[in-house]
Visitor: 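Handing you this structure, nothing more for now.
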Amino acid sequence: MECRYYERMEDGRVECKLCPHHCRIANGRTGICHSRRNQDGMLVSEVYGKPCSLAIDPVEKKPLYHFHPGTKCLSVACTGCNFRCLNCQNHDISQVSPSDVGYYELAPSQLVELCLKHRCPGIAYTYTEPLTYLEYVADTARLAHEKGLWNILVSAGYVCQEPLKDLLPYLDAANIDLKSFSDSIYQRISGGHLQPVLDTILAMRDAGVWLELTNLVIPGVNDDAEMIREMCRWMVENGLADNPLHFSRFFPRFKMQDTDPTPLRILKKAREIALEEGVKNVYLGNV
């Protein structure tokens with residue numbers, strides 16, 4: 001499947017325009033996400049129609065607490081991610097190539113039919129980074145809307161604005177993982193930058209997508225009280241005071257096995273700060 005967001009370069013490389021990394025990819029190689037390959041000067045998606053994980057989940061697991069609570073959704077994921085989070089809990093499917101794991105073969109229409117068969121009212125694109133296979137998500141989401149299904153995006157939000165605009169009309173809800181409110185922490189822990197994520201959040205707000213945010217609080221990394229306060233203040237100043245904020249507890253994962261789980265007192269303090277700053281719906285997760 002040819003990708004939609006790239007430019008050919010004179011030296012045979014292609015420049016991917018999907019996310020802020022703007023990977024310049026040599027022939028036969030993939031970008032940072034492992035799922036978009038230069039095939040003789042054409043950028044192709046290695047994962048289109050090849051989900052590696054399917055499940056039926058409660059919508060609260062995304063987590064979405066204020067969007068059709070009590071309902072279930074068909075969760076789908078393909079391999080790949082454009083971040084390199086040291087604490088990734090799904091690294092076995094997010095940090096690998098599609099050839100490294102098994103997968104189903106499901107065209108967008110088949111995925112929608114599967115959702116209808118199991119009487120789920122919507123589809124959640126989740127577990128890995130669905131924006132790295134945006135073409136598959138967008139094609140499926142459009143067909144889902146035609147069948148009266150809603151679409152949920154669970155994402156780190158690291159994407160360029162033009163591709164995002166193509167997807168927004170088909171999104172009903174999203175949970176964005178706001179990893180910290182520090183660009184240096186984003187670079188050190190995830191290999192990206194903060195501002196594009198904030199731009200994604202605001203674009204979703206403007207498009208009328210129901211939005212909830214998750215902040216995984218890692219001891220000694222992003223648990224600074226003043227930084228949490230700044231993040232919450234940003235939410236309120238940008239019209240997101242009513243949008244739920246989930247502070248999630250960290251447990252040792254992947255390349256951060258030596259970091260202790262988040263003490264509950266830190267999570268409770270984060271919730272106090274959020275409420276003080278005017279965020280109205282604050283929840284603690286993984287507790």
Side-chain angles (χ1 to χ4, degrees), residues 1-53 76-88 90-108 125-141 153-168 176-177 179 183 186-200 203 254-255:
M1 170 70 184
E2 183 178 6
C3 296
R4 295 174 190 158
Y5 310 100
Y6 75 100
E7 288 184 3
R8 292 181 173 89
M9 303 177 67
E10 292 182 358
D11 59 2
R13 292 183 298 168
V14 297
E15 181 176 349
C16 182
K17 297 296 188 73
L18 179 65
C19 89
H21 289 308
H22 284 272
C23 293
R24 295 186 171 188
I25 308 167
N27 187 35
R29 305 297 295 271
T30 65
I32 288 174
C33 65
H34 292 302
S35 61
R36 303 169 80 81
R37 179 181 299 275
N38 179 348
Q39 183 175 298
D40 297 324
M42 175 188 297
L43 188 64
V44 298
S45 172
E46 299 272 275
V47 298
Y48 188 98
K50 298 178 180 179
C52 65
S53 182
V76 57
C78 299
T79 58
C81 184
N82 53 358
F83 274 165
R84 289 288 178 267
C85 297
L86 301 180
N87 58 296
C88 182
N90 290 325
H91 59 89
D92 54 335
I93 56 175
S94 70
Q95 303 297 315
V96 299
S97 300
S99 59
D100 295 330
V101 298
Y103 57 84
Y104 307 90
E105 293 189 4
L106 289 170
Y125 312 91
T126 181
Y127 301 147
T128 56
E129 178 46 73
L131 292 174
T132 62
Y133 47 95
L134 187 146
E135 293 90 352
Y136 186 44
V137 173
D139 290 350
T140 304
L153 186 77
V154 182
S155 168
Y158 205 63
V159 67
C160 293
Q161 288 299 295
E162 182 180 351
L164 179 62
K165 288 177 183 177
D166 291 341
L167 180 62
L168 286 176
I176 299 299
D177 186 5
K179 298 181 182 295
D183 191 70
Y186 257 90
Q187 293 181 58
R188 177 163 55 92
I189 300 299
S190 301
H193 294 277
L194 170 61
Q195 190 58 51
V197 180
L198 300 182
D199 293 341
T200 293
F254 197 29
K255 298 180 180 180

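This one's a predicted model, so the numbers in the text were calculated from it and none came from an experiment.
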Visitor: Without swapping roles, check the side chain of Tyr186 against the backbone of Lys179 for a donor-acceptor pair under 3.5 Å.
Guide: yes

Visitor: So, Ser94 versus Glu129: side-chain donor-acceptor pair below 3.5 Å or not?
Guide: no

Visitor: In sequence, state the C-alpha distance, the side-chain angles, and the governing distance for Tyr5 and Leu18, and then conclude on side-chain contact (heavy atoms from CB on, under 4.5 Å).
Guide: CA-CA 6 Å; Tyr5 310 100; Leu18 179 65; 3.9 Å; yes

Visitor: Do Arg24 and Asp11 sit within salt-bridge range, that is, some charged N less than 4.0 Å from a carboxylate O?
Guide: no

Visitor: Surrounding CZ of Arg29 (heavy atoms of other residues, nucleotides or ligands, distance under 6.0 Å), is the total greater than 12?
Guide: no

Visitor: Determine whether more than 12 heavy atoms belonging to other residues, nucleotides or ligands lie under 6.0 Å from atom OH of Tyr103.
Guide: no

Visitor: To the nearest 0.5 Å, tell me how far Thr200 OG1 sits from Gln195 CD.
Guide: 10.0 Å

Visitor: Which heavy atom of Val101 sits nearest a heavy atom of Asp92, and at what distance?
Guide: CG1-O, 3.8 Å

Visitor: Heavy atoms only: give me the nearest Val76-Pro51 pair and the separation to one decimal.
Guide: CG2-CB, 3.6 Å

Visitor: Closer than 3.5 angstrom, by distance alone: can the side chain of Asp100 be matched with the main-chain N or O of Ser97 as a donor-acceptor pair?
Guide: yes

Visitor: Between Tyr158 and His21, is the ring centroid distance below 6.0 Å?
Guide: yes

Visitor: Of all the heavy-atom pairs spanning Leu86 and Arg188, show the shortest one and how long it is.
Guide: CD1-O, 4.0 Å

Visitor: Check Glu135, Glu2, Glu15 against Arg36 for a salt bridge (Lys or Arg N to Asp or Glu O under 4.0 Å) and give me the one that passes.
Guide: Glu135

Visitor: Given side chains that start at C-beta, do those of Asp199 and Gln161 come closer than 4.5 Å, heavy atoms only?
Guide: yes

Visitor: Is the number of heavy atoms from other residues, nucleotides or ligands under 6.0 Å of Lys17 NZ greater than 12?
Guide: yes

Visitor: If you take all heavy atoms of Ser190 and Cys85, which pair is closest and at what distance?
Guide: OG-SG, 3.1 Å

Visitor: Using the side-chain contact (heavy atoms from CB on, under 4.5 Å) rule, take Leu134 and Leu167 through it: C-alpha gap first, then chi angles, then the decisive distance, then the call.
Guide: CA-CA 8 Å; Leu134 187 146; Leu167 180 62; 4.2 Å; yes

Visitor: With side-chain contact (heavy atoms from CB on, under 4.5 Å) as the criterion, how do Tyr133 and Lys50 come out once you've worked through the C-alpha distance, each side chain's angles and the decisive distance to 0.1 Å?
Guide: CA-CA 10 Å; Tyr133 47 95; Lys50 298 178 180 179; over 6 Å; no

Visitor: Can you confirm whether Ile176 sits close enough to Ser155 that some side-chain heavy atom of one is under 4.5 Å from a side-chain heavy atom of the other?
Guide: yes

Visitor: Measure across Ala203 and Leu164 and return the closest heavy-atom pair with its distance rounded to 0.1 Å.
Guide: CB-CD2, 3.8 Å

Visitor: Check for a donor-acceptor pair, side chain of Asn90 on one end and backbone N or O of Tyr127 on the other, with a separation under 3.5 Å.
Guide: yes

Visitor: Can you give each donor-acceptor pair under 3.5 Å made by side-chain atoms of residues 38-46, sequence neighbours left out, with the distance rounded to 0.1 Å?
Guide:
| from | atom 1 | to | atom 2 | distance (Å) |
| --- | --- | --- | --- | --- |
| Asn38 | OD1 | Gly41 | N | 2.8 |
| Asn38 | ND2 | Gly12 | O | 3.0 |
| Asn38 | ND2 | Ile25 | O | 2.8 |
| Asp40 | OD1 | Asn27 | ND2 | 3.4 |
| Ser45 | OG | Val47 | N | 3.3 |
| Ser45 | OG | Tyr48 | N | 3.2 |
| Glu46 | OE1 | Arg37 | NE | 3.0 |
| Glu46 | OE1 | Arg37 | NH2 | 3.4 |

Visitor: Can you check whether Leu131 reaches Leu153 side chain to side chain, under 4.5 Å on heavy atoms?
Guide: yes

Visitor: Check step by step if side-chain contact (heavy atoms from CB on, under 4.5 Å) holds for Ile32 and Arg84.
Guide: CA-CA 9 Å; Ile32 288 174; Arg84 289 288 178 267; 3.7 Å; yes

Visitor: Within the structure provided, determine whether His34 and Cys81 are in side-chain contact (heavy-atom separation under 4.5 Å).
Guide: no

Visitor: Does Thr128 reach the main-chain N or O of Cys78 with its side chain, forming a donor-acceptor pair under 3.5 Å?
Guide: yes

